[in-house]
*Asks:* 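I'd like to ask you about the structure that follows.
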Amino acid sequence: MSAKVALKQNHIQQHLAVKRADLKVCNLKKSFSGKEILRDVSFKICSEEAVSLIGANGSGKSTLIRCCLRLIEPDGGRLEFFGQDLMLANQRGLRKIRSKVGFVSQKHNLVPRLSVLSNVLHGALAYQRSPRLWFQGFAPSVLREKAMHCLELVGLQDFGSRRADHLSGGQSQRVAIARALMQQPEFIIADEPVASLDPQAGDEVMELFVSLVRKEKITLLFSSHNLDHAIKYSDRILGLRNGEIEIDTASSGQSAFTLRGFYE
Amino acid sequence: MSSAEAVPARFERPSLVSLAFSIFVIWFILYSLKGAGFSVSAFLEGLPRMGELLDDMFPPDVSRISSIWKALLETFQMALAGTVLGVSLSLPLGVLASRTQSPGKITYTLARLLVSFCRTVPNLVWALFFVATVGLGTFAGTLTIIVDTVGFCGRFFAEGIEEIDRGPEEALKAIGAGPLAVLCCAVFPLALPSFVNSALFSLEKAVRSSVVLGLVGAGGIGVELKVAMDMFRYSEAATIILSIFVLVIVVERLSAAIRKQLL
Ligand SMILES: Nc1ncnc2c1ncn2[C@@H]1O[C@H](COP(=O)(O)OP(=O)(O)O)[C@@H](O)[C@H]1O
Ligand SMILES: [Mg+2]
């Protein structure tokens with residue numbers, strides 16, 4: 001094989017790697033007690049893309065997001081993360097795939113009685129099985145320092161020893177983001193990450209969150225009912241209605257006004 | 001006068017079935033008083049005897065106070081050791097017996113059955129069983145308290161686990177944390193206040209029951225009390241009863257203080 005051909009193949013591989021679909025969802029279905037919430041959902045998200053998911057309240061955004069990680073078991077369809085089939089994976093395989101995917105939900109879901117530092121360290125449970133991570137006092141110093149660095153990224157380096165339930169809503173959500181960064185994921189899924197915050201704190205946290213995710217080159221899927229956030233922070237918008245993806249469009253050039261029609 | 005008709009009757013007319021059932025219940029309660037041997041005259045006749053007994057008890061005899069304190073300490077140690085061991089066993093059992101954390105339907109049912117069995121068999125029966133198998137003394141009492149604690153804490157730990165917020169647990173599951181890590185990092189810290197509460201109640205309960213256990217020979221202060229009563233040394237019995245009273249009060253106060261600190 002000549003050097004030139006090898007170079008070309010290398011180039012193609014790199015090109016493919018960039019364009020690789022990190023998440024593929026095909027014909028996903030989910031009903032709750034006979035009521036079809038997800039009828040037939042299909043979409044792809046490529047590496048390093050930021051995609052927003054919009055839809056009315058109760059349209060099934062949270063259900064879809066939880067199904068993607070099999071936190072809710074889908075009734076049918078196919079799920080692929082990084083080319084690996086999630087539906088066929090056993091418990092171990094499932095954990096392995098999940099460890100590469102960060103999850104930030106509307107509620108921060110920190111453990112209230114533990115310190116902020118312990119909560120951030122728990123992000124490392126994705127790749128470290130050691131019981132030393134359960135409590136910050138026993139954690140290896142490398143990881144403690146890394147956790148402090150993640151707290152620094154979200155501007156909470158002075159809050160490490162604070163109890164997690166002694167924080168404001170915005171601070172809690174930033175700790176949840178630090179926990180997700182601690183995990184060093186390749187992909188982050190966020191379910192209305194700032195919906196529980198007031199508009200100003202919501203804008204700030206969203207700005208911080210997306211800039212960190214972009215800087216770390218993490219692929220992002222987030223749901224939002226804030227159309228401005230969807231347009232500003234994502235490359236592509238998915239609109240969920242009647243259990244199907246009815247909109248799949250680049251976000252540039254969209255205006256909140258035209259998208260609002262989607263809710264009618 | 002249609003508006004007046006809309007006002008519901010003050011009393012609903014009972015159906016024939018519920019009337020018959022109520023009459024049966026009232027009759028059965030009265031019948032039970034008879035079956036229980038309840039007799040006002042016997043109580044009145046016994047009153048002077050009670051007075052005499054109280055009179056015999058006072059002033060309490062403190063001549064054997066040091067051996068009484070020793071037995072009291074033994075009782076408390078029995079209660080404490082039994083509760084600590086029982087709580088340690090209840091923790092895994094509570095996980096298995098909780099709807100949300102149990103690994104499967106069969107383990108859940110088995111764990112529930114085991115806990116119910118420990119709870120529904122009265123502790124005096126357990127004490128008789130252990131005295132018959134491991135012999136007289138505090139070890140039989142400690143085993144009884146362990147079983148009693150498992151019956152109590154196993155159930156309330158499971159309920160404490162079922163009541164927690166599932167969010168933190170989901171957050172850790174979502175990133176692929178193992179089941180043990182999820183339990184220790186999310187479930188237990190959230191259920192901790194409920195665990196501490198149940199464990200302290202269990203300790204109070206154990207102190208009270210360890211007094212009674214001595215009566216069937218399972219060690220502790222109960223043995224002293226039974227001997228004093230059997231030998232008609234009522235003034236010594238009074239000392240013992242007062243000491244028990246002090247112990248129970250002290251333990252209840254202590255556990256209230258701990259509860260306040262931790263919760
Ligand atoms: N566990 C569940 N059991 C039954 N119904 C559910 C459950 N979770 C969600 N639903 C229903 O599914 C629909 C979609 O909910 P959700 O995914 O939370 O919507 P969204 O996040 O878009 O507001 C709602 O009507 C909700 O009532
Ligand atoms: Mg939702």
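First the proteins, then the strands, lettered A, B, ... as listed; each starts at 1.
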*Asks:* Select, from F103(A), W134(A), F135(A), the one with the greatest count of heavy-atom pairs under 4.5 Å involving chain B.
*Replies:* W134(A)
*Asks:* Would you say F32(A) has more than 12 foreign heavy atoms packed within less than 6.0 Å of its CZ?
*Replies:* yes
*Asks:* Of the backbone (N, CA, C, O) and the side chain (C-beta and beyond), which part of L69(A) lies under 4.5 Å from a heavy atom of chain B, both, or neither?
*Replies:* side chain
*Asks:* Where is the tightest heavy-atom contact between V111(A) and A186(B), given as atom of each residue plus distance?
*Replies:* CG2-CA, 4.1 Å
*Asks:* Around atom NE2 of H149(A), are there more than 12 heavy atoms from other residues, nucleotides or ligands closer than 6.0 Å?
*Replies:* no
*Asks:* Take atom CZ of R78(A) as the centre, draw a 6.0 Å sphere, and report whether it contains more than 12 heavy atoms from other residues, nucleotides or ligands.
*Replies:* no
*Asks:* Against chain B, work out which of S99(A), S118(A), G123(A) has the most heavy-atom pairs shorter than 4.5 Å and name it.
*Replies:* S99(A)
*Asks:* Would you mind checking which part of R92(A) comes under 4.5 Å of any heavy atom in chain B, side chain (CB onward), backbone (N, CA, C, O), both or neither?
*Replies:* neither
*Asks:* Should we count CD1 of I106(B) as having more than 12 external heavy atoms under 6.0 Å?
*Replies:* no
*Asks:* With rounding to the nearest 0.5 angstrom, report the NZ to CD distance, K107(A) to E170(B).
*Replies:* 8.5 Å
*Asks:* Which of the residues C185(B), A177(B), A171(B) is involved in the greatest number of heavy-atom pairs with chain A at under 4.5 angstrom?
*Replies:* C185(B)
*Asks:* If you take all heavy atoms of R98(A) and G176(B), which pair is closest and at what distance?
*Replies:* CB-N, 3.7 Å
*Asks:* Are more than 12 heavy atoms, taken from residues, nucleotides or ligands other than Y127(A), located less than 6.0 Å from that residue's OH atom?
*Replies:* yes
*Asks:* Which atoms of R179(A) are under 4.5 Å from chain B, going by heavy atoms: the side chain, the backbone, both sets, or neither?
*Replies:* side chain
*Asks:* Taking all heavy atoms of N109(A) and all of G167(B), pick out the closest pair and write down the distance.
*Replies:* OD1-CA, 3.2 Å
*Asks:* Is there side-chain contact between R95(A) and P179(B), with heavy atoms separated by less than 4.5 Å?
*Replies:* yes
*Asks:* Name the member of V182(B), L192(B), L172(B), I175(B) that forms the most heavy-atom pairs with chain A at distances under 4.5 Å.
*Replies:* I175(B)
*Asks:* Take atom NZ in K29(A); do more than 12 heavy atoms of anything else shown fall under 6.0 Å from it?
*Replies:* yes
*Asks:* Do H122(A) and P168(B) come close enough that some side-chain heavy atom pair is under 4.5 Å?
*Replies:* no
*Asks:* Just wondering, are more than 12 heavy atoms of other shown residues or ligands nearer than 6.0 Å to CD in Q261(B)?
*Replies:* no
*Asks:* Rounded to the nearest 0.5 Å, what separates atom NZ in K173(B) from atom CG in L125(A)?
*Replies:* 14.0 Å
*Asks:* Take atom CZ in R129(A); do more than 12 heavy atoms of anything else shown fall under 6.0 Å from it?
*Replies:* yes
